[in-house]
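Inspection log for the structure reproduced underneath, given as structure tokens.
For ligands, and for the atoms within them, numbers begin at 1 and follow the listed sequence. None of these values were measured; they are calculated from a predicted model.
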Amino acid sequence: MAFMFDGTAADIDRVAEPVAALAEFLRAHPRLFVLTGAGISTASGIPDYRDLDGGWKRRPPVTYQAFVADAATRARYWARSLVGWRRFGSARPNAAHAALARLEEAGRIEALVTQNVDGLHQAAGSRAVIDLHGRLDEVRCLQCERRIPRDVFQRELERRNPAWSEFDALAAPDGDADLDGLDFTTFAVPACAACGGMLKPDVVFFGENVPRERVERAYAHLAAADAMLVVGSSLMVYSGFRFAREAARAGKTIAAINRGRTRADDLFALKVEGDCAEVLSFVEECGRG
Ligand SMILES: [Zn+2]
């Protein structure tokens with residue numbers, strides 16, 4: 001069953017029913033496996049990729065194959081990243097991140113697996129976090145595995161490309177930015193200072209696999225959990241969808257808070273179509289009442 005909830009007080013009965021059902025779901029399942037996606041970070045100023053039908057809202061992100069194979073693609077990626085990072089790097093957690101941190105504090109979260117690379121769950125105080133797709137605040141050398149903080153790399157990008165520091169553009173979920181129609185050919189991409197190798201943000205790109213150990217760790221937590229809660233993800237990407245499929249296979253109840261269609265709609269026992277922060281805070285009030 002699916003409910004619509006637009007966060008207004010216009011139809012109190014319509015709002016109360018799904019939230020009460022979600023509160024009941026939380027009461028019935030003490031240990032949750034939580035999976036979050038881009039929808040939880042939109043209120044922090046990081047836009048999501050998908051429209052309400054689960055289709056691409058923007059140009060699809062760069063693939064791993066294109067990034068490693070083509071210097072021009074890397075130049076374009078880092079130029080857009082230089083501009084996007086200022087906004088992305090200063091994003092702060094919102095009320096939905098805070099609500100999940102309180103849920104963990106109350107001993108209710110077995111693990112929080114996020115598809116986001118923004119680190120906002122940890123910034124809100126969550127500790128049981130598995131960053132499925134890595135973190136954008138680190139850069140890794142593909143040759144010697146050396147890691148450097150993104151902030152350090154940002155200063156190096158700006159030092160080598162002073163003209164690009166002037167631009168401001170709309171940031172994307174992966175820290176990318178919209179900079180159409182610009183010439184990227186003069187953009188200077190720094191190599192690893194230790195070995196001269198190729199640097200890449202320490203995130204899982206499209207076309208790249210999530211490290212096996214990370215997936216196994218998440219599966220182990222799912223097995224130990226009573227139920228699964230999806231927050232702000234359309235589950236269009238297999239790396240997240242597989243956990244819903246596994247939960248269903250294991251007979252665990254799945255509830256979801258998400259605006260719009262998801263790939264796992266037919267697996268959900270309960271779906272609330274609303275704003276993540278508003279729904280979670282209403283559910284918290286239900287829990288207290
Ligand atoms: Zn290196």
When you compare the side chain of R147 with that of V139, does any pair of heavy atoms fall below 4.5 Å?
no
Any chance CD of E145 has more than 12 other-residue heavy atoms, nucleotides or ligands included, within less than 6.0 Å?
yes
Would K200 count as a cation-pi partner of F205, with NZ or CZ less than 6.0 Å from the six-membered ring centre and within 45° of the ring normal?
yes
Compile the donor-acceptor pairs under 3.5 Å between side chains in residues 219-230 and protein atoms, sequence neighbours left out, one pair per line.
residue : atom : partner : partner atom : Å
H221    : ND1  : E110    : OE2          : 2.7
D226    : OD2  : R31     : N            : 2.7

Single hit among R135, R140, R146, R150 for salt bridge (charged side-chain N to carboxylate O under 4.0 Å, His left out) with D202:
R140
Taking the Zn ion (ligand 1) as the centre, count the protein N/O/S atoms lying under 2.8 Å from it.
4
Of all heavy-atom pairs linking Q65 and G207, the shortest is NE2-O, 2.9 Å
